[in-house]
Each structure stands twice: as C-alpha cells, then as structure tokens.
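Chain letters run A, B, ... following the sequence lines, proteins first, then strands; residues in each count from 1. Model, not experiment: these values are computed from the prediction. These values consider heavy atoms only, across backbone and side chains, with no hydrogens, waters or symmetry-generated copies.
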Amino acid sequence: MAEVLVYVDHVDGAVRKPTLELLTLARRIGEPVAVSLGAGAEATAAALAEHGAVKVLTADAPEFADYLVVPKVDALQAAYESVSAAGSPAAVLVPSSAEGKEIAARLAVRIGSGIITDAIDLEAGDEGLVATQSVFAAAFTTKSRVSKGTPVITVKPNSAPVEAAPAAGAVEALSVSFSEKATGTKVVARTPRESTGRPELTEAAIVVSGGRGVGSAESFSVIESLADSLGAAVGASRAAVDAGWYPHSSQVGQTGKSVSPQLYIASGISGAIQHRAGMQTSKTIVAVNKDAEAPIFDMVDYGVVGDLFEVVPQLTEEIKSRKG
Amino acid sequence: MSLRIVVCVKYVPDATGDRHFADDLTVDRDDVDGLLSELDEYAVEQALQIAEEADDAEITVLTVGPEDAKDALRKALSMGADKAVHVEDDDLHGTDVMGTSLVLAKAVEKTGYDLVICGMASTDGTMGVLPAVLAERLGVPQVTQLSEVFVGDGVVKGRRDGDTATEQLEASLPAVVSVTDQSGEARYPSFKGIMAAKKKPVESLDLEDLEIEAEEVGLEGAWTAVESAAERPARSAGTIVKDEGEGGKQLAAFLAERKFI
C-alpha cells in the first residue's frame, strides 16, 4: 500500500485535533507516515501511533521557530523525497490552517504537484484521489482532483472523525538541509495566544457566536456564559469584531475562521453572506434575533425571534438546570 | 532610489451576487457583476500608506484576467496607484493558482519590484496561498498574513496573527507581503482620484510578452481539475418561534431533543 504523508500540527508535542482527523482520512488512502517538526516533535509519536501512523519522521532545529514557513517546507520536501525513494506517495495531507496552506502550496510548486485547499472530504476515484470542497460561501459543493504530480491537499478541521487505530508509529529522524531561502523571514518575537480555557474555535463541537445585536464588549459575557454551559467555543461576527467587542481571532466568516461544528448558535447575527461563508456547513444551526426578517432565519433548524438578552440567559439557566 | 511597489489584485464576481459555475466548471464571470476583490483593497491601501512614508515610491497595480478586469485596475488607480499592468490572453481561461502565480511572477519581474503586496486571499477562490507561491517562484522572502506592516531602510516588518501565536516578522527587500482585513480600512477613491485614474497608464501584456507557453496555463495546463460542482441543497425550513417569555426554554427543549444537552 502506498504511503501517505501527513504533516503534523502540534504545540510543543501536543498534537492538535485536525491532525488526528487527517490520519483517519490518510488510512482510507494508504499507510500514514507522519511528519513532525520542531520542539516536542518526538513527543507527538505516541498520539500519532495511537491514531494510525505507521512511521513518524521527526526533525528539530532552531530554524523551525526562528524563521517563517520555509524551513518547514524544506523539511516536508525532505520527507517527501525520502518516502519517494520507495515509490511515489499517494498524497501529502496538511491541516488547513493559514500556515498549513502556505507550507503545502510551496511544497506543491517545488515538487511540481497540483494543490487543493480546504477539502472537507477525500475519497479514492478511478483517476485518483477526489477531494470535496465547499465553495462560494458554501453555496456549492465541488469535487476535484490533482491532475499533475502527487496530490497535495489541505483539509479543514472537523472533516473526519478522530479514530483510534493503533499502528507501529516508528520514530525515524529526518535529515533536513535547509535551503538558502529558509532564513529569509525572521520571526523576531512570538507571543502565544492567551488560552481562554474554551475549545479551539475551528475544532469545537459546539460554537456560540454573537454579533451586532450583542451591542458591547461587556455584553459578550452573555454569549460566553451560554458557551460555557455547553462546553462550547465563542465566535463573533465581523460586525462585532470591527466594533472592537471581541478579538479577531474569534471571527467567524469569510475573512475569519471557517467552522463546521455539530451545533452553531448565532445570537444577534443577521446572517450576511460574509458570515454565512464561515458557518453554513454546520450540522445544526440555531439563531436568536430580534428581527424576524433576518436572513439567518432562512438557514436555521430552530430560531427564536426575540431579545437575546432575555432568551440567551434563560437558555443558559435551563441548560445548567437540565445538566444538574 | 525609488521604492518600486507592485500590488497584485484580482477581479472577482461580486460575493453578494448569485455566483455559480460555467459549463466548463470554471467560475462564471458573465452573469454576476465583477469588481476588485474586497480583500485586495487592503493591499492597495497599505501600498499607498507605505508610499506616503517613503521619500520616493511608485505603485504599479497588476492583474491577470479578462478584458473586464481593467475595472479592478481602474479602481486601484482611482485610490491612488500610479500605473497598471494588465495580463490578458485568451489562453489564460481556466488557469489555476499554479499558472496564475507563474504569470504574476514573470509580470512582476518584467515590471521591476522591491516590494510585492497582495491581499490575504481572493473572495472567490479563497485559497490564500498565492502570496506564498509567488514568493517561492520569485525566490524572495514571504512576509504574509500581516495585520500591521512597516517598510523602511530596505526592510519590511510586520505582525502576523497566527492560530496559536502572534509573530513579529522581519525580512530584507525585495519581498512578497500579504495583508489581512485587519490592516486598516481601505480609502474610498476621491472624485479627483477617479478623474486622475482615467489618465494613468495601463500596460497590456500577453503570454508572448512574458515568454510563457500556452500549455503552461489555462484549463488544459492546470495541475488540478474540477470534476463536478453541485449547488448545495437548500436547508429544509426550520422551526421559528416568537419569544413570548419562554423562548429560551423552548430552545433548550429543542437542544435536548437533538441530544446537545
């Protein structure tokens, strides 16, 4: 069976959930070989093996943290070449973060391969791997394939379940010689994002979002309380972010995060195309809005026309009492 | 010496229009009005601010696209860019990101540059990878996804807000930069700007001018192929209730029924 390279997104050895989802997809296509880079790379091996990685190629060097993107491209290319010695890999899969997409795209141009970004599903086809994408603000679903070279595909979070599938996960040191261009863009400072204690927005099973109707930064506590009662992530519409009420890192929509949770609760959000683009593929959608004519109500499974400051606290209390 | 800035922009179908695919599964450009991609307005704005800070700078706005794409160039010129380059060739129809980046790289080199500025993504393809690929092809530093950007003394600096951290970046020119929608509101063209834009030069280039073979681009030269495109079925109509004092409890009951509580 052909090998499938899986680029590992991890924070100091803790593997992020989208990578485990990629392993599920990779196992459909072939034998997953994980590529784990930077500080803590070796510590990722246990989790990767648990979820199906046959091999874990690791490399650590100061360059991965000190310079932007290119050192990681050099390493992924080295992994690609090392695997290719035994036959061309079936695909290279990378999580669809902003950085993941950049790494994947630079690798693709180097190895002469086509790239598909933001896939939401992968399946084997007669002419090779077929990727499903949701496009035009999720108004269309397309199926595409890479027609030249080894398919390089980035996959959105929540596109596949995380499955336990124990495999060898043999750790092998990857030898990387950095290109002259690797040190082009220096990372002179890095400030880790402060943890909110809530799930990561793009990975969360439930997302609770607030928009213009929330009215102020202080009032977002109403949204946060509901989120915490459900163990959910908090999102915000562009209107709320532009007003300075909530950080841009929480923005859901075309220019923010694209989410696809089991449940999406929109409060005080009208549902403009900009917002729909980022949440339309959510499985169940619920909205609370004062305006009965708001476009968000065209796409909900359940909607309440009313004042969110009445409805949302009541909902939060009811959830707490039901959960006992 | 003059700072040469090239801003890459895309002419896209209006995202608020009824976007769909043509018979050959390329983006239909006929039935929906086109315009300068909103996210590229931020790139033009940052170019203008950088040029205002520099002693001497010249901004060229560059696009690859059909005849109508001139509208996007004209908009950028009316905002204040100095001149425009339009790469137009019938053989470009259906070009994917790899082909487009090749064309842009050749056109940027032909134009001459110290700094290339792009938007964070297009509003139609939404890949967000072109600036990185362009940097790879040009062999210059990639300084992308910036919410703040400064240029001075042959160096570009910026802030990149990543998924897990905020990074301060620094690279020597020449470089490729992309800016996000957090970089600062784009200005509206003034009446004077609109009038002045009509007189600004727009150079037209075709594939031959850039020494690119037709087979390297277009639908046939693409490294990816769209096999099908289906309209997402409309979501079935949900239950809408008016809050009469029990709205929150009704919603909780629905969530419980769906096993979320």
From [atom1] ([X]) to [atom2] ([Y]), nearest 0.5 Å:
X: B:Asp243; Y: A:Leu308; atom1: CG; atom2: CG; result: 11.0 Å
X: A:Leu315; Y: B:Leu251; atom1: CG; atom2: CG; result: 4.5 Å
X: B:Thr164; Y: A:His10; atom1: OG1; atom2: NE2; result: 10.5 Å
X: B:Leu255; Y: A:Leu230; atom1: CG; atom2: CG; result: 7.0 Å

Taking only heavy atoms into account, what residues of residues 135-144 of chain A are found under 4.5 Å from chain B?
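Within residues 135-144 of chain A, the residues under 4.5 Å from chain B are A:Val135, A:Phe136, A:Ala137, A:Ala138, A:Ala139, A:Phe140, A:Thr141, A:Thr142, A:Lys143, A:Ser144.
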For [X], is it the side chain, the backbone, both or neither that has a heavy atom under 4.5 Å from a heavy atom of chain A?
X: B:Val97; result: side chain
X: B:Ala135; result: both
X: B:Met127; result: both
X: B:Phe254; result: side chain
X: B:Gln182; result: side chain
X: B:Glu244; result: neither
X: B:Thr123; result: both
X: B:Arg160; result: side chain
X: B:Leu39; result: side chain
X: B:Ala175; result: neither
X: B:Leu25; result: neither

What are the two closest non-hydrogen atoms of [X] and [Y], and how far apart are they?
X: A:Arg322; Y: B:Ala256; value: NH1-CB, 3.3 Å
X: B:Met120; Y: A:Thr255; value: CE-O, 4.0 Å
X: A:Glu318; Y: B:Ala252; value: CG-CB, 3.2 Å

Polar contact flag, side-chain donor to acceptor under 3.5 angstrom, B:Gln142-A:Arg106:
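Their side chains do contain a donor-acceptor pair, which is all the 3.5 Å distance test asks for.
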Max heavy-atom pair count under 4.5 Å with chain B, selected residue of A:Thr202, A:Asp301, A:Val311
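Among A:Thr202, A:Asp301, A:Val311, the one with the most close pairs to chain B is A:Asp301.
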Engaged part of [X] at the chain B interface, taking heavy atoms whose separation is under 4.5 Å:
X: A:Asp118; answer: side chain
X: A:Ser249; answer: neither
X: A:Gln262; answer: both
X: A:Lys181; answer: side chain

Taking only Lys NZ, Arg NE, NH1 and NH2, and the carboxylate oxygens of Asp or Glu, determine whether [X] and [Y] approach each other closer than 4.0 Å.
X: A:Arg193; Y: B:Asp161; result: no
X: A:Lys148; Y: B:Glu216; result: no
X: B:Glu167; Y: A:Arg190; result: yes

Got more than 12 heavy atoms from elsewhere within 6.0 Å of NZ, A:Lys323?
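Count over threshold, so yes.
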For the NZ atom on B:Lys157, are there more than 12 heavy atoms of other groups (residues, nucleotides or ligands in this structure) within a distance under 6.0 Å?
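Incorrect, the count does not exceed 12.
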[X] vs [Y] side-chain heavy atoms within contact, under 4.5 Å:
X: B:Phe260; Y: A:Ile319; value: no
X: B:Gln250; Y: A:Tyr302; value: yes
X: A:Glu99; Y: B:Gln145; value: no

Let me see the working for A:Glu102 and B:Thr144 under side chain to side chain donor-acceptor pair (under 3.5 Å), right down to the final yes or no.
CA-CA 9 Å; A:Glu102 291 181 337; B:Thr144 50; 2.8 Å; yes
